[in-house]
2 protein chains.
Amino acid sequence: MKNFDRKRQTGCPVTYGLDIFGDRWSLLILRDMMLHGKNTYGDFLAADEHISTNILADRLKHLEAEGIIEKSDDPENGKRKIYSLTEKGQDLAPVILETIRWSGKYIFLNKERKALVTRIENDRDGLLAEIHQRANAN
Amino acid sequence: MKNFDRKRQTGCPVTYGLDIFGDRWSLLILRDMMLHGKNTYGDFLAADEHISTNILADRLKHLEAEGIIEKSDDPENGKRKIYSLTEKGQDLAPVILETIRWSGKYIFLNKERKALVTRIENDRDGLLAEIHQRANAN
DNA sequence: ATATTTCACTTGCATTTTACAAGTTAAAAA
DNA sequence: TTTTTAACTTGTAAAATGCAAGTGAAATAT
């Protein structure tokens with residue numbers, strides 16, 4: 001556990017957030033959990049962005065320590081661990097959705113992603129509900 | 001210009017965003033511009049979080065290169081430069097506001113910040129309009 | 001006119017973080 | 001009982017960060 005142990009205690013809510021997920025990988029892990037149903041170390045490792053194994057392990061440990069995700073044993077496979085979003089983690093969905101919406105305004109998106117932006121704009125609450133539902137469906 | 005030259009071109013809107021502002025400082029600079037009316041190098045340097053001078057210079061350069069902010073001469077003081085938010089930069093306000101709202105749910109906030117969270121929840125559009133107005137008031 | 005201060009940076013260097021490759025451990029499947 | 005799968009850990013070079021000090025140009029003071 002090497003990263004982000006240096007917390008900036010200024011009372012600023014932006015700073016608090018950045019100290020937890022203000023790096024190049026944490027929100028991508030959460031994106032995969034929220035939007036792509038990923039929930040194992042191997043799942044996250046397989047993302048297009050190619051996160052390093054040690055960095056992934058470190059980020060998972062940190063997100064867990066911050067109460068954003070939880071780790072549990074897979075009851076159907078003893079060598080597999082399952083990561084899930086806590087309520088605190090699920091509550092980060094709006095941050096991710098607004099990031100997607102912002103990018104959607106400035107870069108080209110494929111059909112699927114464009115559809116997601118449309119849904120963010122037209123059915124935000126429904127989408128959020130879906131994210132929460134899936135996260136709590138153990 | 002050392003940072004973030006390695007862009008991950010996966011077409012993912014979250015990745016695009018993180019490659020631009022996914023670090024410990026960029027969003028703090030934008031926070032100061034959006035919420036505290038700061039607009040000079042010295043202003044940003046004076047933030048409670050104590051950013052290093054070289055890092056600040058680097059981030060400003062990057063944000064400018066990405067079209068998030070613009071740099072101009074202060075007409076009233078030849079040795080001062082003024083940074084302002086572009087439309088693309090102003091459009092990041094929702095990301096910052098959702099981060100604030102999220103943190104507000106999980107940490108203690110002082111009265112002023114609590115009031116901001118309340119306004120985010122009750123007068124989001126008005127707040128956004130204000131941010132845009134102030135940014136475009138040259 | 002000259003000296004000093006202000007402002008926006010740049011430079012050098014030690015420390016920390018990241019990325020890549022390889023290795024370990026335990027459980028499951030062959 | 002050997003091999004494979006899954007989740008990591010370890011080692012190390014490269015890159016980013018943080019800190020202190022320095023630079024250059026414009027404004028202010030003397």
Side-chain angles (χ1 to χ4, degrees), chain A residues 1-10 15 18-29 32-33 37-65 69-84, chain B residues 1-10 15 18-29 32-33 38-66 69-84:
Chain A
M1 211 185 294
K2 4 181 166 173
N3 302 311
F4 295 107
D5 286 352
R6 203 163 7 93
K7 291 259 178 60
R8 299 167 290 193
Q9 316 221 41
T10 58
T15 304
L18 290 178
D19 282 348
I20 291 177
F21 58 76
D23 69 279
R24 286 166 68 71
W25 295 107
S26 297
L27 285 184
L28 292 186
I29 295 169
D32 283 346
M33 296 182 80
K38 294 189 179 183
N39 63 1
T40 68
Y41 184 93
D43 283 346
F44 305 134
L45 214 55
D48 286 343
E49 288 85 5
H50 301 113
I51 185 170
S52 295
T53 56
N54 54 343
I55 303 295
L56 174 56
D58 180 77
R59 291 301 115 88
L60 290 170
K61 206 174 288 183
H62 263 277
L63 290 172
E64 193 187 1
I69 62 176
E70 279 173 343
K71 181 164 129 178
S72 61
D73 296 330
D74 185 340
E76 291 168 5
N77 186 339
K79 71 189 166 194
R80 176 171 282 144
K81 305 285 177 169
I82 292 185
Y83 290 94
S84 54
Chain B
M1 213 187 294
K2 1 181 170 173
N3 304 309
F4 297 107
D5 286 351
R6 203 158 10 91
K7 292 257 177 61
R8 300 167 290 194
Q9 316 221 41
T10 59
T15 304
L18 290 178
D19 282 347
I20 291 177
F21 58 76
D23 69 278
R24 287 167 66 73
W25 296 107
S26 297
L27 286 184
L28 293 186
I29 295 169
D32 283 346
M33 296 181 81
K38 295 188 178 183
N39 63 1
T40 68
Y41 184 93
D43 283 346
F44 305 135
L45 213 56
D48 286 342
E49 289 84 4
H50 301 112
I51 186 170
S52 295
T53 56
N54 55 341
I55 303 293
L56 174 56
D58 179 78
R59 290 303 115 87
L60 289 171
K61 206 173 290 184
H62 264 278
L63 290 172
E64 193 187 0
E66 293 294 344
I69 62 176
E70 279 173 344
K71 182 164 129 178
S72 60
D73 296 331
D74 185 339
E76 290 168 5
N77 186 338
K79 72 189 164 194
R80 175 172 281 144
K81 305 287 176 168
I82 292 185
Y83 290 94
S84 54

Review item, nucleotides 24-30 of chain C N/O atoms under 3.5 Å of protein N/O:
from   : atom 1 : to    : atom 2 : distance (Å)
C:dA28 : OP1    : A:G78 : N      : 2.8

Of all heavy-atom pairs linking B:R8 and A:R24, the shortest is NH1-O, 3.0 Å
N/O to N/O distances under 3.5 Å, protein versus nucleotides 21-23 of chain D:
none

* Asked: Where the side chain of B:Y83 meets the backbone of B:K38, is there a donor-acceptor pair that is under 3.5 Å apart?
  -> no
- C:dT18 phosphate, OP1 or OP2, under 4.0 Å from A:R59 side-chain N/O: yes
In terms of heavy-atom contacts, B:I69 and B:L60 come closest through CD1-O, 3.6 Å
note: A:L56, atom CG; C:dC20, atom P; distance rounded to Å ~ 14 Å
inquiry  = Could you walk me through whether B:K81 and B:D74 satisfy the salt bridge (Lys or Arg N to Asp or Glu O under 4.0 Å) test, starting with their C-alpha distance in whole Å, then the side-chain angles of each, then the deciding distance to 0.1 Å, before giving a yes or no?
reply    = CA-CA 5 Å; B:K81 305 287 176 168; B:D74 185 339; over 6 Å; no
**Prompt:** Can you list the steps and then say if A:S26 with A:I20 is a side chain to side chain contact (heavy atoms under 4.5 Å, CB included)?
**Reply:** CA-CA 8 Å; A:S26 297; A:I20 291 177; over 6 Å; no
Separation between CG (A:D23) and CZ (A:R59), nearest 0.5 Å, reads 4.5 Å
Can a donor-acceptor pair be found, under 3.5 Å and without considering hydrogens, that links the side chain of A:T40 to the backbone of A:D43? yes
A:L60 CG to D:dA6 C1', in whole Å, measures 13 Å
request  = Answer yes or no: does a side-chain N or O of A:K81 lie under 4.0 Å from OP1 or OP2 of D:dT5?
outcome  = no
note: B:K61, atom NZ; C:dT10, atom P; distance rounded to Å ~ 4 Å
ask   = Does B:H50 use its side chain to pair, donor to acceptor, with the backbone of B:D48 at less than 3.5 Å?
value = yes
- Close side-chain approach of A:D73 to A:I82, heavy-atom, < 4.5 Å: no
Looking only at D:dC8, D:dG11, D:dT17, the nucleotide nearest the A:A57 side chain is D:dC8
OG1 of A:T53 to CG of A:D58, rounded to nearest 0.5 Å, is 11.0 Å
OP1, OP2 of C:dA19 versus side-chain N and O of A:W25: anything below 4.0 Å? yes
Atom CD1 of A:I55 and atom C1' of C:dC20 are separated, to the nearest Å, by 10 Å
Taken to the nearest whole Å, CD1/A:I51 to C1'/D:dT9 is 15 Å
Here the distance between atom C1' of C:dA8 and atom CG of B:D74, to the nearest Å, is 13 Å
The dot-bracket string of DNA chain C, counting Watson-Crick and G-U wobble pairs with both distances under 3.5 Å, using [ ] for crossing pairs and | for pairs to another strand, is ||||||||||||||||||||||||||||||
So CG of A:L28 and CG of B:L18: to nearest 0.5 Å the spacing works out to 5.0 Å
One should read off an interatomic distance between B:I29 CD1 and B:F21 CZ, to the nearest 0.5 angstrom, of 13.5 Å
Separation of C:dA19 atom P from A:D58 atom CG, nearest Å, is 11 Å
Remember a base hit wins even if backbone is also touched, and classify A:Y83 as base, sugar-phosphate or nothing at under 4.0 Å, heavy atoms.
sugar-phosphate
Rounded to whole Å, CG of A:D73 lies from P of D:dT5 at a distance of 21 Å
